[in-house]
Each structure stands twice: as structure tokens, then as C-alpha cells.
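Below, all heavy atoms of this structure are taken into account, side chains as well, without hydrogens, waters or symmetry copies.
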Amino acid sequence: MMSEKGGDSLLSSQSVHLLFLPAFFKKTPAKIHFLRTKTGIFRDKTSMKASFFTRRRLLAATAAVPLLAKVAPAVSGNPTLKVKEADVVIVGYGAAGASAAIEAADAGASVLILEKSPEASHCSTTRLSSGIYQCPDGVIDREILVDYICSTYLPDGAQLRKSSAMPSPLAQLARVWAELAPETFNWLRSLDPDFRTASSPLFTISPFVKFWHGIKPHIHARIATYAQWSGFSFSTYKKPKSQSLSGEALYNCLHHGILKRKIDILYSSPAKDLLVENGVVRGVIVERDGIEEVYTAKKGVILASGGFAFNKALRDRILPAGAGEFVACCGTPANTGDGISIGMKHHAAITRSHAFFDRFCVLLPEKIGGCRLGVPLEILGQPHTFVVDNAGNRFIAESELQDAHQHYGFLETMLTSDGTGSNYPFAPFWCIIDRTAMTQLSIATLGEGSTVNGLIDWKNNFDALQKNWVLEGKTIEDLARQIAAHPDNRNRMTPEALTRSFNALNRFAREKNDRDFDRSPASLAVFDGGPYYAFPVSIDVPHMAAGLATDHNRQVLDTSGRVIPNLFAAGEVAPVSHYIHDRGGQLSECLVFGRFVGQYVAQKTEKS
């Protein structure tokens, strides 16, 4: 279970109009089917309590992000230089920021995008992503779509909506999603007629839709592409648009729309604070080359600056206790929670997730800002592979770790202690493969995550072996000793335990019957005679579903539940879903609510 770290809640239980759950929702059980194991670790349905963060606790969490003192607004002699004015100023150039900019410009507003990264190395989460987004077909009834998306926002969300117990902003935003999400592909195609979509049996039907059998044929997870889509086996980062796939293709489509509208993008411009006059947000303070500059917004500022995966202090306070050491980062190091930090300086309220989506990855020793790096995995659950805990014992049907399954709850399982409070049997766990897998399968997903832009230079399996990210042993006993000597194992594995697991698995493979965990027969194969290979497996939490609280217009709320005038947010910095992200749900949320908030802010009057 996720641990609460104490402290008072931000708002009273009466504040049902906010993105926070009132007190009686805390008892609502989450109905999630977890993975099957012999020990039953993942078998039970789990109740996840609503969690809250006080501003005081989160303010301490932002210590890792350097913040400037708030500039005294409209004071004569202030050294801050006012550089440019626009109707709408957007912080961050990912899917949400680009979508907001395009819609605002189409509504007649002047728009400026401020992006912290240099243009030459800009690589947002969008560009590193799979490029999968949801686009329901036009046949499905909108009310059914509203119920469906509500069920991903909160535990029992659809039931809460039907009983009028769903917090008002979420219910209204669900209706926005139901109206705009089916338009997504056509909207993207309107930006660039060359943009295409691909589908795969793995992605067309979202696993979560098994709870929604009546609409199953109508929920589509589409894959962005310009070329013939060929999977996630290689990166197309910075390749010609016509060759781009996945996240890079989605970025190219949005970027094409930005360029066509001649929307200004100011790179190397990290936002540090807001310009506030008489309680109203009037602009963004940026530091460029050591000089503070102000970019004023006549209608509003939209924060779309991404998540906080590389803000270790903030992660340590939002993730369950003990997770910081083992949860890897497979995304962009630019995600340091800047928008959250800026919002908190102006008393913004913060929401916290009800569940964490777990993406399995190779856990690497390298760190950025104190955060371990990782590489998304492709090989889990394939023939000629199996997994064990730190002692060398199998604990799960490996076929259920394949990418076709949504993984929620594994983080809590990984952090299950053996009772000592310091030994976590599954943190990390270990994947064992033979020579056939090493030579014929790809361990890592090279077209998604940290390998896309070269943050992790993982060329192939044997390159990773040379870098000591993968271990090698001539025999299983030798491999066990190599694992035991690894800093993440700390001598917990014994050759005897790993050999028992290995021999049992080979026996099950010959019989095509995994009597311990009921692994899929198609994924069972007898191991070669050696050498054998291993690597530590942990998880990345790509969508932490926590950030700034907003109202139904995506206007940021303060800790008293009041809107902060002229301050808006969309995307990872202010997620709508605090529960389950269905396949393609994160990018869908960024595109839909980026579009929505861009339209809304552009249509405001300057005094509204």
C-alpha cells in the first residue's frame, strides 16, 4: 500500500468542487485486478486511500529546484526587464503546450511559448513517448464515454458520477474529454495532411476496457507516425519528418502546426516565477544568461511544463516510502517540476495520485540529480527468460509482465519488506536470459524512453554487456555469484536458490505446464547450456498523476480552493486523471486539455 506521510490535508472535506477527494471518498475501494502470483502478492484487490499534500511539505520538496525570490511587481527601479507581451504565454513545449498554443492562435490570440531546453537538444516527454493516444470512434454514445473516462480519474469514478458524488471539476472535464477525444486524429491531420496513424493488436484495444465490454470495439489507441510503423525497436529522433515514428511523429505534427501559424518559441528560457499584480498573474519571469526577463500575458499564463520525475526531493515525498532508491527515470531530465514549484510559490494546491502506472525497466547505476536512470524493457515474459527475487526464487508468471498487460500495484509489491524494514525482496528483481534470448531478442525498447535521444547510449544487448549493465556467467551458479556481488543485490542471492528455480523452470518448459505460477505455455522454452545473462529490473513511473490542482476551466487553485487569477495548467504538471491511465491516456489528456485550455484562455477578455 502507498504510505501516508502524515500532515494535515490541504482542504476541508467540504471542498468537493476541487480535484481533492472529500473525506468519505477515502474509504472507496479501488477495483484493480493485479498480477497472479503464488504468494498472492498481486492477487487481491487493493483499497487505495486518497492522499493529500500540504503546501508546507511540498515546499520543502522543491528544494532541489533552484527558485528565485518573487519579484516585487510594478515597483519602480525593479531590475527585471520586460521584454515582450502576448495575449497568452505558455510555459513548456510538449504535447499540452503545443496544443494550447495552436488553439489559442486559431482563436485569434497572440501566443508565446517559453521552453527551458535549448532548441538543439529539446526533447520533451512527448518526443520520448510511444506516440500512442486515445481516439474513440464517433459511434459511441458520449455519456458512455464520460462514464468510461471518469472510471480512469478516480477509484469507482463512473459510479461516483452516476450518484452525483464525483467532484464537480472532474465530472465537467470528463465531458470535455468525451467531446474532444474522438476528434483527435482529425485535428492532428488538420495540422499536417501528411500525418498518419497506425494501429497494432497490442494497442488497439486498451486492456482497461475489459471492464467496459459494451464499448470495447470503440476505444482505439492510435500510434502517431509518418512512415510505415514498425514498432519501438529504433529511434527516429531528429530524423526527417517523413521517417518519424511514435512520439517523434506526434511532435513533428504539432511542430508543423506551430510553424504554420508562426507562433513564437523562445528556447533556453526556464521559467522561474510569475509576475503578479494585485493578486492577478500578469506574466512569467525567465532567467536567460543570468538576466531576469519578464514576458507579460494579457489574458493568461498556461503552465504546461511537464512532470517532476527528475526532482528527487519531490519524488521522495510523493512516491511511497522507500521508492526513491529503486524507481528509475526513463524520461527527459528537463522534468524537474518547475511548474509545480512556481505554482507553490503562489500558494497553489497540489494533488496526489491514487495509483502508479509501472513501466518495467533495466535499472542502471548512473544517476542525474540523484535519480537512478533506467531503460524501458521489451524482453520480459518472452521465451528463454525468467525472473527471480533477490534470493533467487521465482515469484510470478513471467508472461503477465509482458507489455500487453497494464501494471498497477507493482510499485507497492516491489516495496514489500521482509519485515526488517530494510530488505526488499523484489527491489530490484532480476531477469535471467540464455544465449538464444541474448542473440535473438532485444532486452531494451530503443524507440521509446531514455534511449531515444541518446540520454542512455544503449546500442544493443552486447553493448550493454560491455558497459556492465548486463551480467554474464558461464553457468547458472556462476551467474548467481555475479548477481550476489552486484551492489543492488548485496549478497542476498545464493547459487543453490537460483539453480533450483532454473531447473524447475526447465522442467515446466519441457512439460509445457508451469505448475508453480501458470505461466503461458507459449512463453515457456528450455534454456540453452550457457552462458547465461542477468540484469536488475525495477520500474519507472512515467505518469505520476500528481501536480497542480485546477478547476473545471483548468485554472489553478490555491490551498483555500480559490482560483489564482489568470493562471492555468494542462498536461503532466496538472493531471486530470489521478488513478488509472489507460493505454494512450496520458497523451490523450495532454492533447485534449491542452486544446481546451488554449481555446478558453484565448477567448477570455483581458479583465476577466
**Q.** Stepwise side-chain contact (heavy atoms from CB on, under 4.5 Å) test for L587 and T126
**A.** CA-CA 8 Å; L587 279 177; T126 300; 4.3 Å; yes

Q. Are W469 and I456 close enough, and set up right, to give a side-chain contact (heavy atoms from CB on, under 4.5 Å), and what steps lead you there?
A. CA-CA 11 Å; W469 295 338; I456 301 298; 3.8 Å; yes

Q: Would you please test S235 and T451 for side-chain contact (heavy atoms from CB on, under 4.5 Å) and show each step?
A: CA-CA 8 Å; S235 169; T451 59; over 6 Å; no

Q.
Determine whether F527 and F386 satisfy the following criterion, ring pair (Phe, Tyr, Trp, His ring centres under 6.0 Å), listing intermediate values before the conclusion.
A. CA-CA 10 Å; F527 267 51; F386 70 101; 5.4 Å; yes

Q: Any chance you could lay out the side chain to side chain donor-acceptor pair (under 3.5 Å) test for S450 and W458, step after step, and finish with the verdict?
A: CA-CA 9 Å; S450 51; W458 181 301; over 6 Å; no

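Under the rule for a salt bridge (Lys or Arg N to Asp or Glu O under 4.0 Å), E366 has no partner lying at least two apart in sequence or in another chain. For Y93, the ring-ring contact (aromatic ring centres under 6.0 Å, His included) partners two or more places apart in sequence, or in a different chain, are H122, H255. Every residue meeting the side chain to side chain contact (heavy atoms under 4.5 Å, CB included) condition with P118, not counting sequence neighbours, appears here in chain and number order: S121, S268. Residues passing the salt bridge (Lys or Arg N to Asp or Glu O under 4.0 Å) test with E472: none are found, sequence neighbours excluded. Under the side chain to side chain contact (heavy atoms under 4.5 Å, CB included) criterion, E496 pairs with T494, R500, sequence neighbours left out. Under the ring-ring contact (aromatic ring centres under 6.0 Å, His included) criterion, W187 pairs with no residue, sequence neighbours left out. Checked against ring-ring contact (aromatic ring centres under 6.0 Å, His included), W430 has the following partners two or more places apart in sequence or in another chain: H486. Taking K459 as the reference, D457 meet the salt bridge (Lys or Arg N to Asp or Glu O under 4.0 Å) condition, with sequence neighbours excluded. Checked against side chain to side chain contact (heavy atoms under 4.5 Å, CB included), P333 has the following partners two or more places apart in sequence or in another chain: F310, I368, L455. By the side chain to side chain contact (heavy atoms under 4.5 Å, CB included) test, N335 pairs with T125, T332, E572, sequence neighbours left out. The salt bridge (Lys or Arg N to Asp or Glu O under 4.0 Å) check on R394 picks up E398, D514, with sequence neighbours excluded.
The closest side-chain donor-acceptor pair between N252 and S244 falls under 3.5 angstrom.
With S588 contributing its side chain and G584 its backbone, the two residues share no donor-acceptor pair below 3.5 Å. Between the side chain of T445 and the backbone N or O of F232, no donor-acceptor pair lies under 3.5 Å. Although no hydrogens or angles enter the test, the distance criterion places a donor-acceptor pair under 3.5 Å between the side chain of T475 and the main chain of D478. Under the 3.5 Å distance criterion, the side-chain polar atoms of R595 are left unmatched by any main-chain donor or acceptor of V592. Judged by distance alone, the side chain of N489 and the main-chain N or O of N390 form a donor-acceptor pair under 3.5 Å. Looking only at distances, no side-chain donor or acceptor of R372 sits under 3.5 Å from a matching main-chain atom of A328.
Within the structure, side-chain hydrogen bond (donor to acceptor under 3.5 Å, both in side chains) contacts touching residues 431-441 (residues at least two apart or in different chains) are H384-D434, R435-Y533, T436-D528.
The minimum heavy-atom distance between A437 and T385, with the atom names listed, is CB-CG2, 4.2 Å. Taking each heavy atom of L380 and C431 in turn, the nearest pair found is CD2-SG, 4.0 Å. Of all the heavy atoms in A497 and A391, the pair that sits closest is CB-O, 3.1 Å.
Heavy atoms of other residues, nucleotides or ligands lying less than 6.0 angstrom from NZ of K512 number more than 12.
Between Y226 and F195, the two ring planes are perpendicular [angle over 60°; tilted spans 30° to 60°].
Contact check for Y148 versus W177: side-chain heavy atoms found under the 4.5 Å cut-off.
Looking at L441, I443, I433, L401 one by one, the single match for side chain to side chain contact (heavy atoms under 4.5 Å, CB included) with Q382 turns out to be L441.
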